[in-house]
Amino acid sequence: MKNVLKKFIAIAVMAAISVSCFAGCSKKQTSDGSELLFYVVGQEGEQLTRRIDKINSILKEKLGVTVNFQMLTNQNYDLVLQSGEEYDLVFAPDYLNFWGNAEKGAFAEITDEDIKNNMPYFWENAGDVMNVTKLNGKRYGIAQIHKYAADRCVIARGDLMKKYGIEDLNSNENIEKYLTAVAENEKNIIPFDINGGVGYLLLQMFASDWGWGSISSLSYGEPVYYRVDDPEHKVFIAAEQPEMLEFTKTMKRWNEKGFFSNSVLSNKSDTIASFIAKKTAMSFINNPAEIQKFYTNLTDAQKAELQPRFFTRCHEKQAMYNYTSANVAVSAFSKNKEIALKVLNEIYANEDLARIFMYGVEGEDYIIDENGAYVDKRDDVAVEGYMTSGIYNDNYEFEVKYDFPGCEELLKKLEETTYYNPAVNCPSVSEGVREIKVSLSEIYGEYTSPRYYGIINGAPEEALKEELAALKKAGIDDYVAAVQKNLDAYLKGLKN
């Protein structure tokens, strides 16, 4: 299935962002554009140096240009951008304040004519991503050509499913039947081992299928949403909806039945390790690539004993990740805007270059085995180095082969349920509501997060009433109005 390996790599790379800047960060631009300065997030390493050498060898041959990649961290990122240092290109994801920096004038506008003249490959192949980086009708970044969904899954013990007559976990009703049977009959294990602080993943199992679309985030830990099939994109308060009441009743029931650990709110266990040790009957697992790695590492005895089975967390709908999680921007002060865009175009259009950015160097970072399958050879990015640049091209990705039980059915379902929610790319609203957002965050910690695990005082109706009163007092109506205005403006800008 397309879209799987890239998610695994992106998550692994993004999670590793913590390293100091390379010596030489003060290097200036060359005025003739023969060497561009590109700020990326990453870590120096010998293998990374070899990848960069390969990249520059190709760029020198094709365009007569090389790129000096300078490493930043998420800690020093804004400081470097605000320092006045000259640079040409920068990795500029939304989670590193892309929208705020664009609004402050840090990035150059990239017009349609700029792309037509300097990035013809991107112009012809970008599709939906062409306009996602527009702010007030102006484009400030190049989003990667990369459509991928979260592909969240669960893992269950097939031996226990067979024991209690559960054929599949393709609905939340069947999941409850399975967990109920385990809770009532298998007293020495936790039916569903889940960590504290991630209760929003439980809501995702339900709300995604309801058609609730998150705004400016993929998280279902937000207080407001909109319905993806609503042409008006009307923003609503989650705690006021009848679906949320039913969800709260369900989670209260799950908690009272003993599905979760008694200390679930503070649980930090390795839930996959718990599964292998037969301490739990079900756990979250991230995606098919992670499933394949998990299954491959099991011994034959463990496979026979656990009989692991894998299912999707969402049964009808799952939203794609936001495109704006990986952008490249051009400095507003770059003297080399045109050549910078031409370099980006070459990287996207050139299969060899694109694959170096995506996978590394063949033979060193990966191999294609005798069956034609991609095999990642990288073991330790902390030693070998890595670079998060914001560049990915679906057209040049490798297919991944799977052999875990039920892989074909699972992959097909994930593909069929994926949809694009444009609101996930919308800039997060802050102006005029900063204090309200702080209060809403505090309410989430005090009321919402425990409730997602079914931990409430009294009846669900009373719990939601109390939580809603706190939200109203915090100013959520003003927050809804601000989010609605911001969302409407963003969606309108996509059409321009």
Side-chain angles (χ1 to χ4, degrees), residues 27-42 48 51-72 81 85-93 98 101-102 105-134 138-146 323-324 326-361 387-397:
K27 183 176 177 67
K28 305 297 183 181
Q29 300 168 305
T30 55
S31 59
D32 63 356
S34 61
E35 181 182 69
L36 302 182
L37 181 57
F38 191 163
Y39 284 146
V40 294
V41 168
L48 176 59
R51 289 175 220 148
I52 290 174
D53 288 345
K54 291 274 189 182
I55 289 168
N56 279 325
S57 175
I58 297 172
L59 287 174
K60 184 71 173 179
E61 177 186 349
K62 297 292 185 179
L63 299 176
V65 175
T66 58
V67 177
N68 175 19
F69 294 95
Q70 294 292 305
M71 307 295 153
L72 305 183
L81 260 63
E85 291 285 348
E86 295 178 352
Y87 66 94
D88 298 295
L89 294 165
V90 60
F91 172 56
F98 166 73
N101 285 320
F107 306 140
E109 180 187 0
I110 303 172
T111 66
D112 286 355
E113 290 304 310
D114 287 332
I115 297 178
K116 288 178 184 177
N117 293 335
N118 301 296
M119 298 189 69
Y121 180 90
F122 189 82
W123 180 259
E124 294 171 4
N125 291 276
D128 290 339
V129 309
M130 179 66 72
N131 294 328
V132 296
T133 59
K134 281 189 173 182
K138 295 183 178 181
R139 184 188 299 104
Y140 290 101
I142 299 297
Q144 58 186 354
I145 303 176
H146 189 15
Y323 292 130
T324 52
N327 310 313
V328 178
V330 178
S331 168
F333 308 102
S334 171
K335 303 178 180 70
N336 307 307
K337 178 181 177 182
E338 289 189 5
I339 189 62
L341 293 177
K342 288 178 180 178
V343 164
L344 288 179
N345 186 74
E346 186 65 30
I347 292 169
Y348 272 103
N350 187 303
E351 181 175 333
D352 292 335
L353 272 174
R355 283 184 169 165
I356 293 172
F357 275 87
M358 293 156 62
Y359 304 114
V361 177
M387 179 172 71
T388 307
S389 62
I391 294 168
Y392 199 101
N393 187 350
D394 284 350
N395 296 314
Y396 296 135
E397 70 175 359

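Nothing fancy with the numbering, it's 1 onward along the sequence.
Counting only N and O atoms by type, the side chains of Q70 and N68 include a donor and acceptor under 3.5 Å apart.
Counting only heavy atoms from C-beta outward, the side chains of S389 and F91 never approach each other to under 4.5 Å. In this structure, F357 and M387 have side chains that are in contact, with non-hydrogen atoms separated by less than 4.5 Å. Contact of the N393 side chain with the N125 side chain is not registered, since no non-hydrogen atoms from C-beta on lie closer than 4.5 Å. Residues I356 and I58 are in side-chain contact: their nearest non-hydrogen atoms beyond the backbone lie under 4.5 Å apart. Proximity of L37 to E86: side-chain heavy atoms (C-beta onward) are nowhere separated by under 4.5 Å. Counting heavy atoms from C-beta on, the side chains of V67 and I55 never come closer than 4.5 Å.
No side-chain donor-acceptor contact under 3.5 Å links D88 to the backbone of A340. With hydrogens and angles disregarded, no donor-acceptor distance shorter than 3.5 Å links the side chain of N327 to the backbone of P93. Checked by atom type and distance alone, the side chain of N118 never pairs as donor or acceptor with a backbone atom of K342 at under 3.5 Å. Although no hydrogens or angles enter the test, the distance criterion places a donor-acceptor pair under 3.5 Å between the side chain of N345 and the main chain of Y121.
To the nearest 0.5 Å, the span separating CZ on F69 from CG on L89 amounts to 8.5 Å. In this structure, CG on L81 lies 8.0 Å from OG on S331, to the nearest 0.5 angstrom. The NZ atom of K62 sits 8.5 Å away from the CG atom of L353 when rounded to the nearest 0.5 Å. Considering OG1 of T388 and CG of L72, their distance stands at 11.0 Å, rounded to 0.5 Å. Expressed to the nearest 0.5 Å, how far CD1 of I110 lies from CZ of F122 amounts to 8.5 Å. How far CD1 of I52 is from OG of S57: 13.5 Å, rounded to the nearest 0.5 Å.
Smallest separation of non-hydrogen atoms from T324 and V132: CG2-O, 3.7 Å.
Ion pairing between R355 and E397 fails under the 4.0 Å rule for side-chain N and carboxylate O. Using a 4.0 Å cut-off between charged nitrogen and carboxylate oxygen, K337 and D114 count as a salt-bridge pair.
More than 12 non-hydrogen atoms from other residues, nucleotides or ligands lie less than 6.0 angstrom from CD of E351.
No option in Y140, F333, F98 other than F98 meets the ring-ring contact (aromatic ring centres under 6.0 Å, His included) test with F107.
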Kindly determine whether D112 and R139 satisfy salt bridge (Lys or Arg N to Asp or Glu O under 4.0 Å), including the steps that lead there.
-> CA-CA 9 Å; D112 286 355; R139 184 188 299 104; 2.7 Å; yes
Could you go through the side-chain contact (heavy atoms from CB on, under 4.5 Å) check for N117 and E338 one step at a time?
-> CA-CA 9 Å; N117 293 335; E338 289 189 5; over 6 Å; no
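Partners of E124 by side chain to side chain contact (heavy atoms under 4.5 Å, CB included), not counting sequence neighbours: none found.
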